[in-house]
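Okay, so here's the structure we're looking at.
Side chains are part of it too, since the values below use all heavy atoms of this structure and drop only hydrogens, waters and symmetry mates.
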Amino acid sequence: MSNHHVALTKAERAAIDWRDLAPMQWRDGVVECWHPLPWLAASWWGAAQGLWFVAIPASFMFFLTALRLNHEAIHGNLGFRASGHRAVLHGLSALMLGSNNAVAFNHLQHHRHIGTPDDLEGACGRMTAAQVIAHGPLFPLRMHRAAWRQGGRAVRRRMRIDLALNLAVMATGLIIGAPFLLYHLVAMIVAQCLTAFFAVWITHHDCAPEEVARTQRSPVINFVSYNMPLHLEHHLFPGVPVRRLGILARRIAAAAPDFARGNALVVPEPGALRRQAGWSA
């Protein structure tokens, strides 16, 4: 947990230029849609060849980039019409398994009610690492149940489409019986069980009440993780696409340096690790 957190004042927030970062053209959205595909192809190729040291990391990266794309579609940050964003959610539901429309409902609730009993998604951030991993298989089930009960007719209709796509993909994999397809089904089920840890806990654990999320300062980590750890910036300005969160982070640091220095980090910097261990920085 951050030991010297400083809140972002209204004046500092108003001084941060972000609106020019928000607009996306449909061509930008198409580029975003391509990000998961090379990783998916690599995972299938690795599984087909029995090269699990290729398949497993590629599956992890596919799921990570698919989560990013899904996240952008949820917030309408791809430059598409509403129908286009819904199509992305349906397509990703088929590839990732589960209903991303259920995820969308809960994620928007997370933004509206963060830290409250209505924040089902964010509740994982208040668990220990062991608790959230044990909770992992129940997490997608509870997310789907909450969306079905609370989301209304439109959400339930979209969830039915997602379920039909899931059944079609699973039936295809089982009927064809190709090893790479069977591997993909298993990999996605495992990934769904670990989503609470990798997609929620990592960016929300041990935050003070006034800290909505963690962030990351290492450009290398942000590059290889497709900017996903820049989660505090996302919560402050959810209309900014993930691809531009690095720019936003620099603007926040310039406008509110004390706030930026006090942020809780996803991966602590070496100096912070030494201080936590009681060593001199």
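Trp18 places no side-chain N or O within 3.5 Å of a backbone atom of Leu248 that could act as its donor or acceptor partner. Side-chain atoms of Arg244 come within 3.5 Å of backbone N or O of Leu21 as a donor-acceptor pair. Using modelled atom types, no side-chain atom of Asn70 and backbone atom of Ala66 make a donor-acceptor pair closer than 3.5 Å.
Residues Ile133 and Val186 share a hydrophobic cluster, clusters being chains of Ile/Leu/Val/Met/Phe/Trp/Tyr side chains in contact below 4.5 Å. Taken together through direct or relayed side-chain contacts under 4.5 Å among Ile, Leu, Val, Met, Phe, Trp and Tyr, Phe139 and Leu194 form parts of separate hydrophobic clusters. Following chains of ILVMFWY side-chain contacts shorter than 4.5 Å, one cannot reach Val169 starting from Leu89, and the two form parts of different hydrophobic clusters. Both Val240 and Phe259 are members of a single hydrophobic cluster when ILVMFWY side chains are connected at heavy-atom separations under 4.5 Å.
Arg160 CZ: more than 12 foreign heavy atoms inside a 6.0 Å radius. Within a 6.0 Å sphere centred on CD of Gln25, heavy atoms belonging to other residues, nucleotides or ligands number 12 at most.
Between Thr215 and His231, the closest side-chain pair of non-hydrogen atoms is not below 4.5 Å. Using a 4.5 Å heavy-atom cutoff, the side chains of Arg243 and Asp28 are in contact. The shortest side-chain heavy-atom distance between Leu40 and Pro36 does not fall under the 4.5 Å cut-off. For the pair Phe62/Met188, a side-chain contact is recorded, criterion being any heavy-atom separation below 4.5 Å from C-beta on. Between Leu69 and His35, every side-chain heavy-atom pair lies at or beyond the 4.5 Å cut-off. Between His71 and Val242, some side-chain heavy-atom pair lies under the 4.5 Å cut-off. Residues Met170 and Leu97 have side chains in contact (heavy-atom distance under 4.5 Å, counting atoms from C-beta outward). Residues Arg214 and Pro229 have side chains not in contact (no heavy-atom distance under 4.5 Å, counting atoms from C-beta outward).
Annotation: cation-pi geometry not satisfied between Arg19 and Phe237 (NZ/CZ under 6.0 angstrom from ring centroid, within 45° of ring axis).
Minimum interatomic distance between His85 and Gly79 (heavy atoms only, all atoms of both residues): NE2-N, 3.9 Å. Contact detail for Gly98 and Ser93: the closest heavy-atom pair is O-CB, 3.2 Å. Scanning all heavy atoms of the two residues, the minimum distance from Ala42 to Val54 falls at O-CG1, 3.9 Å.
Taking the six-membered ring for Trp and the full ring otherwise, the centers of Phe198 and Phe60 sit less than 6.0 Å from each other.
A donor and an acceptor atom, one from each side chain of Arg217 and Asn263, are located under 3.5 Å apart.
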May I have the list of side-chain donor-acceptor pairs in residues 117-124 shorter than 3.5 Å, sequence neighbours left out?
unit_1, atom_1, unit_2, atom_2, d
Asp119, OD1, His110, ND1, 2.8
Asp119, OD1, Gly122, N, 2.8
Asp119, OD2, His110, ND1, 3.1
Asp119, OD2, Gly115, N, 3.1
Glu121, OE1, His107, ND1, 3.3
Glu121, OE2, His107, ND1, 3.1

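With sequence neighbours excluded, no residue forms a salt bridge (charged side-chain N to carboxylate O under 4.0 Å, His left out) with Arg86.
Within the structure, side chain to side chain donor-acceptor pair (under 3.5 Å) pairs that include any residue of residues 169-194 comprise Trp44-His184, Ser59-Tyr183 (at least two apart or interchain).
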